Each structure stands twice: as structure tokens, then as C-alpha cells.
Undergrad: 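Questions regarding the structure given below will be posed in turn.
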Amino acid sequence: MHPSCMPLSANTKMLCYAANIFDIVMVLSIPWACEPLQGNYHWTLEEMNLFSMMRLKFFSFTVITSLSCLLLSAVHLFRSCFAAFYYLLLGLPHLMYASLCYLATAVNRHYHCCSASSDSSLVAFGSNKFIALWNLVDDKGIVEIITGHAGNITCLKFVSGEQNFLIAGDDQGNLYLHRKCTEGWQLACSVKAHPHAISTLVEWDGLVVTGSSDSTLKFWGMPLKDASTAQNGQTDNSFNLTQELKTGKRFPLSMAIASLPDSSEPLLAVGLTDTRIRLYVRQGKQFVEAVSLSGHEDWVKALAFNTANSVVGQTSLMLSSGSQDGTIRLWEILPVAGREEKSTKALEDQLLDDFEASLGELAGDEAGRQISTKQHLFRVSTNESVRQYQVTFDALLIGHDAGVTDIAWKPSGCDHVLLSSSVDSSVILWSPSSIGPNKESQIWTNHHRFGDVGGQRLGGFVGALWVNEHEIIAWGWNGGTRRWGFIDDQWSELQAVTGHASPVHGIDWEPSGRYLVSASIDQTVRIHGPHGPKWLELARPQTHGYDCIQAAFLSDLRFASISDEKVTRVFDAPGAFVQLTNGLGIRVDEDDGQNRPMVANVPPLGLSNKAMIDDVDQQVNPSLSRPPFEAELAATTLWPEIEKIFGHGYESISLSVSRSKTLIATSCKATTAKHAVVRLYDAQTFKPFGSPLHGHTLTVTKTAFNKDDRLILAVGKDRTWHLFGRHDSQNEYEPIVACKAHARVVWDCSWMHEVDIFATASRDKTVKVWDASGDPTKMQKPIATIKLEQGATAVDFRPADDSGMVLMAIGLENGDILIYAGSLGSSHDWSLHLKLPPSLAHSDHVRSVRWRPERNLLQLASCSDDHSVRILELKQ
């Protein structure tokens, strides 16, 4: 946006408001200043003169202030008129704004970084350094993000009973409170809570408890919910530290908090890096340890209270604990009415514990699953009385084949259902069943199991939660989410959000702009496309053993990719993908996929996707009319690999394809001029095209072809760009000109689509525009230099519109994306048209920006080290 049409600052707005107030005061003061004094009081001459002087000064002040504010309004009107004339003269639109069309990202690999709002409309989860808000009502995927965090989100939670307050902690030890206002989500307050990462947090009635890897528990008073700390973007460290508890050499892994039965006092359960569960109660204003529960044989990673559970005649509280030993234990907490049976009962419990311990010694591997019914007693003192409670082991749930990662009670008081997730790639629903002749006893059974049979998915599920009593969400080790809903009296899987779990280094549009491919160092290549009004992941064509760096389309059904290896691989779409995109209306052509292999797989100990001819029916997704779910994406959407291209001596670093899709250009990591070359290959035969292009002395970071593939531009870490050209009669490119263009590494380059003008983006905080249409000897100086506040890491030109306007997108090191505007007739003049707000910008290094090739859509795709792929729609 041009400076002349920038919005008014807050101070200027305040002055404008003051102008209106002074206008009113002036009007009211005119009669008071001009009319003679009235009343029965007899004024002296001195009093009359003094009062008249005061009236005159006040009247003068109001007149001068009003005239000043009117002058300020006139200046602003002049600026607006000048801005309108300026943009009319250049043929540029007066206003542009952006909206989020699609965001693909993964959930952080932490147990407590996902939470559902109280009205079940939003699911918030941590992804890298931002919080993603997933709208489940409209089912449009991620609709908004919350930024402003110093580290990766490790845990978050909606405030109980609220959907407008969200608490989060990161791996830098910071604690945040976010508040939803009319302008969106804003940071209400933050505090440096711990010197190390926050591993878990809970909230109860304005009290926030945080546990950290610094082996401490800290108790915080949360700011008042009606406090206006988020107004005007201001932050206030208003978390009030009330207590700190040391946990010795062990740090907290999980916590749960609830009110004690028949009491308003809190009970805090904590699981540390040992096998015990510690219960804390509040005595006065301080929490103290009351009971230590044993039974698990490994770390307790999940704790949850079921406040809806009850027994006949009195209220109780049920605590569930999930451990890395693969078991779940239920503990019942009851108030003690009397103490008559205390002594005899304690003796019986001790004898029973000794007997079971002896059985455990004989059981060998089952020693950790011994059952003890010992009653643990503790007291809670209040200002009114002293109450006594007992904790008793109630049930042992065995069903997972590996460690339990999360547990959650169904949010309903009608029935008691426990949800558990595990690294064995399963999610189980547990519920009690009555047994015995008179149904007087209960046994807990797993009445439904979700996930993958056999636990073949790497890492399994990291966590799970209830969105409401009819919907469940679980997230896996690779960051993908899975969602199930209880529909028509049965559980069915529903569409969920997916995305990369590591930095995304490369993106590319299909030649017609119908779908997008992305490559990430999470070792996957993914294809994203539209399904109705929303976008989602359509396929995962490459699941590799090396970090994927870049992918580029050779045609609508073929792409090449490079990874952290010396090979360039080429993939062809299977019949299942063709049928899927045809069925979804994304592409409709004569190719129905019948002449293609339907699916592909990766052989054991192999890295290449092989087309499957036999046993195809067992591998194909039976429903090609809907997009695949997370499990199907990982198992049935691979593309067959048709070619490997060799040539480089070190790992590949860049990949580009010519405008005509006939040539492939690659480069590799290099520390000498021998390896700092660009190699060209024919996109049909995959044979080398001409000789390698020499000139650089260090790694070539990016290559790009001009509008007619006559010129190739290469930029590198040696701070230079090199231009290579080809005559019509030649089959290879030759050096034309080179220039040491920047003071730091050059990360990216891009050509205009209509003329031979290109831009280079560098870490020296500049983007420079160069004219390659004239004499090569005059190309040593740029025709335009754009100075930035951060290093430029990505750049891309959009084709000119009917009025000749050209847009240039620039990505920065800090995650910002800038849109500059120019014209074909004046390529040396570029003005800032739009800077994405923090709610749309990335939170880390931008790796690539690409305009969608469809002329009627003004959409920009970007990828970043913040693990996300985004598509933004710009409107004027």
C-alpha cells in the first residue's frame, strides 16, 4: 500500500475524535461566553474582569483547537484524494486485503496441545509456534490462527465453561492467555513462567497450574475474565504467582484438577517421571501433598477426573490414570462419613497388600499389574471444618498393546465412557457392564476400538479428546488428525485436517492451477486440492526415507521431486488418483485411469514406489467419490515411480521445470566450483540436455526459466546470479553474463511472464529487479531495489492483468509476506501494496511463494519452516 493511503494512526484518530468534542464544547460555550452574567449575586468590578478574562481564554482555546482539528481533517482528505489520484494514474486498485483460503499443518508432537471449546464449535491445537483454530460447525478446516508465541506450543486449554479464553504454554517456558474480541483473537497477557519448557497445565476456577521440565509446579492466579488487557494490542503480565512446588529430580508429565466430592476445594493429581500418582490438596492458601498412589510400573502420561460419576447415597470422584506400561487404572475418591472402621480396615489392607506383593514376585513380568484395594486416607482443612476422604483402587483396564498416551471422560452425566489413545495406533472406548445374578457388580470392557489393527503406524496416537458426546478426535505421531462421529447409531470416520509435521521447503502448482504439490523434510510429498468450497489433502504420492526438498509438475499427472539424496525421481499418477479427481470434479478429461496402474507401494527395505499389478482390489480405496482419510492417505495414495535421474555428486538442493515443461534443471550442495553447476535433463527421455552450466563457486540455491525458455537464471550462495542463453540453432545453453548482485546469499529468483525482467531475493534485506531484454553489458546495475526490514527468502511474479498491473510477492525470514505492485510500462517503480497481518503471515522462514496460474483467481500459495502450507485469496 502506498504511504499516502495508509490508515490513520491511533493518535490521529484520537485527535479527530477530540475535534468533534471540541466542536460541541465550542457551540455550547458561545452563549456562555457572550451573554451577560445573570443572577442575584452582586459581583465586584475585579471579579467581573477576572471572570470575563477566563471566559475569553476558554473561548479562544476552543476555537483554536477546533480549527486545528479541522485542518488535520483537511490534510487527511488531501492525502486520500492524492492516493486515489496516484493509483488511478498507475492503473492500480486503491485497496487490497487478504483472507485465508486454506491452511494445512500438523499437530505438534505433544500430549496436551489440543483442546475443544465448551460449545464444541472449535478445536484449537498447537502447530509449531502458532495455534490453529479448526471450525467443526462449518467443516471448513482451519479458519484462523493465533500467533505471537516465542516457542513451539506444548500445551493449551480452553478456560472451563468458556470459548473466548484460551491458555497456552510453549517450550520456552512462557505462559499465555488469549482472548477473543470483536477484532479476533488477541494476546491478553503473558508471563515467563519457567526457565524450561512447560510440559503440562490445568485450569480450575481462575487457578492455573503449570508443570515444567525444570522440576517445578507453579500456581498462578488468572486475570479476571472481564479485564480489558487485550485492548489496543497491549499486553500485561497479570498472571499472579501464588505458589511454587519443587518435584525433586523428576518433572511433571500430566496433571488433572477437580473439586472434591461434596466440597468446593480443589484436588490436584500429578504424574511425574516415575510410577506414582501424587494427590495435592489445598490447606489454607497453599497446596500440599496428601497421598501418593502406586500401582503403575512406568511413567503416568495421562490423568483425568470424571466429575459426573456417582454411587448410591453419596457423591464420589473417579480418577483415571494411563501409563506407559499399557494399562489404565481407575481410582475412586469418597468422603469418609465416620472413622469407626479405620483401624481394622487399615490392618486388612496391609495384609492384602503383602499377599499381593508375594504374588507379584511369582508373576514375573506381571508384577506391575498387581491389584491393591488399600484405602488411602487424607484430610482437607477449610475455614469451617476438617473433612476426611479415602482413595481406593477401583479397576484395571488392559487392552492396549503399548503405552497409553491420553485419556478423557465422555462429557455427559448419563453414561460413563472413557476414551484412551495409545502408541499402538488404537483408540478405545471403555464403559462398565453389569454382571452377576442381580447385576450388582460392574466390569469395565472396551466396547469400541478405532484406529489401525496391529499398530503398524509409526508412533501411533499422541493424544485424543472428546469434542462432544458424539464426536472424537485423535492426533498421531506424524501430526495428522483422525475424526470419528456417532451417526445413525454407529461410529463412522469423518474428514479431518492434515498437514506436514516438519518445515515445508517447496511447493508448485499443477500447470492449470487445479491442485498444489508440497514437499517437506518430514519425508513426504503431498497434493492439496479443492473439494467443494474447501481445500484438503488429496494424495500423499511420495513417502520417502530422505527429507524431501522440492517437487515440480511436468504435466498435470506427472511430477519430479528431489530429496536429501543425489537422485531426482519422477512419478506418474495412478488410476486411483485420476478417478478421484474426476469424481470430485477437479479435472475432467478423456483419461479415466483405466490404462494406468491403480496403486503403488514401497517394497520392504526399498525407497522406490512400485506400481502394483496383482492384488489390486485389496489396496484400492473402495470409495473414490470422497477424499481419502488420514490412514488412507498414508497407505493407498502413493504414485508409481517411473524414472530416476542421476548426475550430481552431492545431495540435491534445487529443482525447476521450464515453462514448456520440456526441460528439468537441478543443482546440488557444493563448496567448490566443480560441483556448483546446473544440470539440464530432457523431461521426456530424462537424458542429459547439453553440458552442465558452470559459473558459480558455491551452492546454486535456485534456477528459473524465462517466458520462452531461451534464458536460464541461476542464483547462489556465492551472492551472484548467472544468466545462460540458448540460440534457436543450438541444443545447449551458454553463459551470457554474471553479476555479484548482493552482499549476502541469494535465496530465490523469478521472471516476469511477459518480458525479460527478473527479480532476485537476498538475505541482505533487498529484492532487486533486473532488465535482461537489452545489452548484457548494461545488466550490472538493477533497475529497481526494494529495501526490506528482514532478509528476503522467496519471490514470485504474477502475470499482468488487463490493465498491465504486475504483482510481486516477497517472503521474508521472519515469516512476513509482502505484495508489491508495478506495471509493465514502468518496471522500475514498485510500491508496497499489502503486508499480510500477523493472523495470516507465517511465523517462521518463508521458503516459497507461488501465484496460482488461473487468471480469474487472485490466490497466492506459500510454505514455510513453520510446517504450514497456505493459500491466500487477495481481493481488491
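Quick caveat: nothing in here was measured; it's all calculated off a predicted structure. Reckoned from all heavy atoms, side chains included, excluding hydrogens, waters and symmetry mates.
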Undergrad: Can you give me the closest heavy-atom contact between Val504 and Ser518, atom names plus distance?
TA: CG1-CB, 4.1 Å
Undergrad: Will you find, in the side chains of Ser199 and Ser213, an N or O donor that is under 3.5 Å from an N or O acceptor?
TA: no
Undergrad: So does Lys717 have more than 12 non-hydrogen atoms from other groups sitting under 6.0 Å from NZ?
TA: no
Undergrad: Cation-pi between Arg626 and Phe629: NZ/CZ under 6.0 Å from ring centre and within 45° of the ring axis?
TA: yes
Undergrad: Assert yes or no for the condition that the ring centre distance of Trp535 to Tyr515 is strictly below 6.0 Å.
TA: no
Undergrad: Considering only NZ, NE, NH1 and NH2 on the basic side and carboxylate oxygens on the acidic side, decide whether Arg763 and Glu813 come within less than 4.0 Å.
TA: yes
Undergrad: Please evaluate residues Thr405 and Val462 with respect to the criterion side chain to side chain contact (heavy atoms under 4.5 Å, CB included), reporting the C-alpha separation (whole Å), side-chain torsions for both, the decisive distance (0.1 Å), and the verdict.
TA: CA-CA 6 Å; Thr405 57; Val462 174; 5.5 Å; no
Undergrad: Side chains of Ser115 and Leu156: closer than 4.5 Å at any heavy-atom pair?
TA: yes
Undergrad: Measure from the side-chain N and O atoms of Ser520 to the backbone N and O of Ser502, and report whether any donor-acceptor pair falls under 3.5 Å.
TA: yes
Undergrad: Please report the shortest heavy-atom distance between Cys749 and Val715, naming the atom on each side.
TA: CB-CG1, 3.9 Å
Undergrad: Can you name the residues that form a ring pair (Phe, Tyr, Trp, His ring centres under 6.0 Å) with Trp639, not counting sequence neighbours?
TA: Phe559, Phe577
Undergrad: What I want to check is whether the side chains of Tyr102 and Lys534 have a donor and an acceptor closer together than 3.5 Å.
TA: no
Undergrad: Run the salt-bridge test on Glu641 and Lys610 with the 4.0 Å N-O cut-off and return the result as yes or no.
TA: no
Undergrad: Among all residues two or more places apart in sequence or in another chain, which pass the salt bridge (charged side-chain N to carboxylate O under 4.0 Å, His left out) test with Arg540?
TA: Glu537, Glu630
Undergrad: Should His149 and His178 be marked as a side chain to side chain donor-acceptor pair (under 3.5 Å) after you check the CA-CA gap, both sets of side-chain angles, and the distance that decides it?
TA: CA-CA 11 Å; His149 308 97; His178 297 281; 2.8 Å; yes
Undergrad: Report the C-alpha distance between Asp547 and Ser563 in whole Å, list the side-chain angles of each, state the deciding distance to 0.1 Å, and finish with yes or no for side chain to side chain contact (heavy atoms under 4.5 Å, CB included).
TA: CA-CA 5 Å; Asp547 296 348; Ser563 303; over 6 Å; no
Undergrad: Start with the C-alpha gap between Leu812 and Leu788, add the side-chain angles, then the distance that decides, and say whether side chain to side chain contact (heavy atoms under 4.5 Å, CB included) holds.
TA: CA-CA 9 Å; Leu812 306 182; Leu788 308 167; 3.6 Å; yes
Undergrad: To the nearest 0.5 Å, how far apart are CD1 in Ile145 and OG in Ser839?
TA: 6.5 Å
Undergrad: As an exercise, state the distance from OG1 of Thr671 to CG of Leu698, rounded to the nearest 0.5 Å.
TA: 7.5 Å
Undergrad: Got a sec, which residues hit ring pair (Phe, Tyr, Trp, His ring centres under 6.0 Å) with His648, two or more places apart in sequence or on another chain?
TA: none
Undergrad: Scan side-chain atoms only and decide if Asp709 and Ser660 contain a donor-acceptor pair under the 3.5 Å cut-off.
TA: yes
Undergrad: Nearest 0.5 Å please: distance from the CG atom of Leu516 over to the CZ atom of Arg852.
TA: 9.0 Å
Undergrad: Going from NZ on Lys566 to OG1 on Thr666, what distance comes out if it is rounded to the nearest 0.5 angstrom?
TA: 14.0 Å
Undergrad: I'd like to know if the side chain of Asp844 reaches the main chain of Gly815, judged simply by a donor and an acceptor atom lying under 3.5 Å from each other, with no hydrogens or angles considered.
TA: no
Undergrad: Under the ring pair (Phe, Tyr, Trp, His ring centres under 6.0 Å) test, which residues partner Trp484, sequence neighbours left out?
TA: Phe450
Undergrad: Check for a donor-acceptor pair, side chain of Gln542 on one end and backbone N or O of His544 on the other, with a separation under 3.5 Å.
TA: no
Undergrad: Side chains of His742 and Thr760: donor-acceptor distance under 3.5 Å anywhere?
TA: yes
Undergrad: Could you tell me the separation between the NZ atom of Lys301 and the OG atom of Ser422, rounded to the nearest 0.5 Å?
TA: 10.0 Å
Undergrad: Taking all heavy atoms of Ile521 and all of Ile549, pick out the closest pair and write down the distance.
TA: CG2-CD1, 4.5 Å
Undergrad: Are any of the side-chain heavy atoms of Ile819 and Leu860 separated by less than 4.5 Å?
TA: yes
Undergrad: Side-chain contact, heavy-atom cut-off 4.5 Å: Ile645 with Ile664?
TA: yes
Undergrad: Look at the side chain of Arg798 and the backbone N and O of Trp851, then say whether any donor-acceptor pair between them is shorter than 3.5 Å.
TA: no
Undergrad: How close do Ala759 and Val767 get, counting heavy atoms only, and between which atoms?
TA: CB-CG1, 4.2 Å
Undergrad: Please check if any side-chain donor atom of Ser654 sits under 3.5 Å from a side-chain acceptor atom of Thr703, or the reverse.
TA: no
Undergrad: Within the side chain of Asn108, is there an N or O that forms a donor-acceptor pair under 3.5 Å with the backbone of His110?
TA: no
Undergrad: Centres of the His753 and Phe797 rings: under 6.0 Å?
TA: no
Undergrad: With distance as the sole test, does Thr699 use its side chain to make a donor-acceptor pair with the main-chain N or O of Thr701 at under 3.5 Å?
TA: no
Undergrad: Could you go through Tyr176 and Asp170, starting from their C-alpha distance and side-chain angles, then the distance that decides it, and tell me whether this counts as side chain to side chain contact (heavy atoms under 4.5 Å, CB included)?
TA: CA-CA 9 Å; Tyr176 306 89; Asp170 65 15; 2.7 Å; yes
Undergrad: Testing Asp564, Val567, Ile562 one by one against Glu651 for a side-chain contact (heavy atoms from CB on, under 4.5 Å), which residue passes?
TA: Asp564
Undergrad: Which heavy atom in Cys101 sits nearest to a heavy atom in Gln859, and how many Å separate them?
TA: SG-NE2, 4.0 Å
Undergrad: May I ask you to decide if Gly811's main-chain N or O and Thr793's side chain share a donor-acceptor pair within less than 3.5 Å?
TA: yes
Undergrad: So, Ser652 and Glu565: side-chain donor and acceptor under 3.5 Å apart, yes or no?
TA: no
Undergrad: Quick one: list whatever passes ring pair (Phe, Tyr, Trp, His ring centres under 6.0 Å) with His842, sequence neighbours left out.
TA: none
Undergrad: Do Lys644 and Ser608 have side-chain atoms, one donor and one acceptor, less than 3.5 Å apart?
TA: yes
Undergrad: Do other residues, nucleotides or ligands put more than 12 heavy atoms under 6.0 Å from Tyr546 OH?
TA: no
Undergrad: Under a plain distance cut-off of 3.5 Å, with no hydrogens placed, do Gln495 and His531 share a side-chain donor-acceptor pair?
TA: no
Undergrad: Does Lys661, at its NZ atom, have more than 12 non-hydrogen atoms belonging to other residues, nucleotides or ligands within less than 6.0 Å?
TA: yes
Undergrad: Taking Asp748 for the side chain and Val795 for the main chain, is one N or O donor matched with an acceptor at less than 3.5 Å?
TA: yes
Undergrad: Please report, to 0.1 Å, the donor-acceptor pairs under 3.5 Å made by any side chain of residues 123-133, with sequence neighbours excluded.
TA:
{"from": "Ser127", "atom 1": "OG", "to": "Thr105", "atom 2": "OG1", "distance (Å)": "2.4"}
{"from": "Ser127", "atom 1": "OG", "to": "Ala106", "atom 2": "O", "distance (Å)": "2.8"}
{"from": "Asn128", "atom 1": "ND2", "to": "His867", "atom 2": "NE2", "distance (Å)": "3.4"}

Undergrad: Is it true that a side-chain atom of Ser667 and a backbone atom of Ile653 form a donor plus acceptor pair closer than 3.5 Å?
TA: no
Undergrad: Measure across Phe553 and Pro511 and return the closest heavy-atom pair with its distance rounded to 0.1 Å.
TA: CB-CD, 4.0 Å
Undergrad: Is there side-chain contact between Leu834 and Leu874, with heavy atoms separated by less than 4.5 Å?
TA: yes
Undergrad: Return yes if some donor-acceptor pair links the side-chain N/O of Ser658 with the main-chain N/O of Leu663 below 3.5 Å, else return no.
TA: yes
Undergrad: To the closest 0.5 Å, what do you measure between CD1 (Ile198) and CD (Gln172)?
TA: 10.5 Å
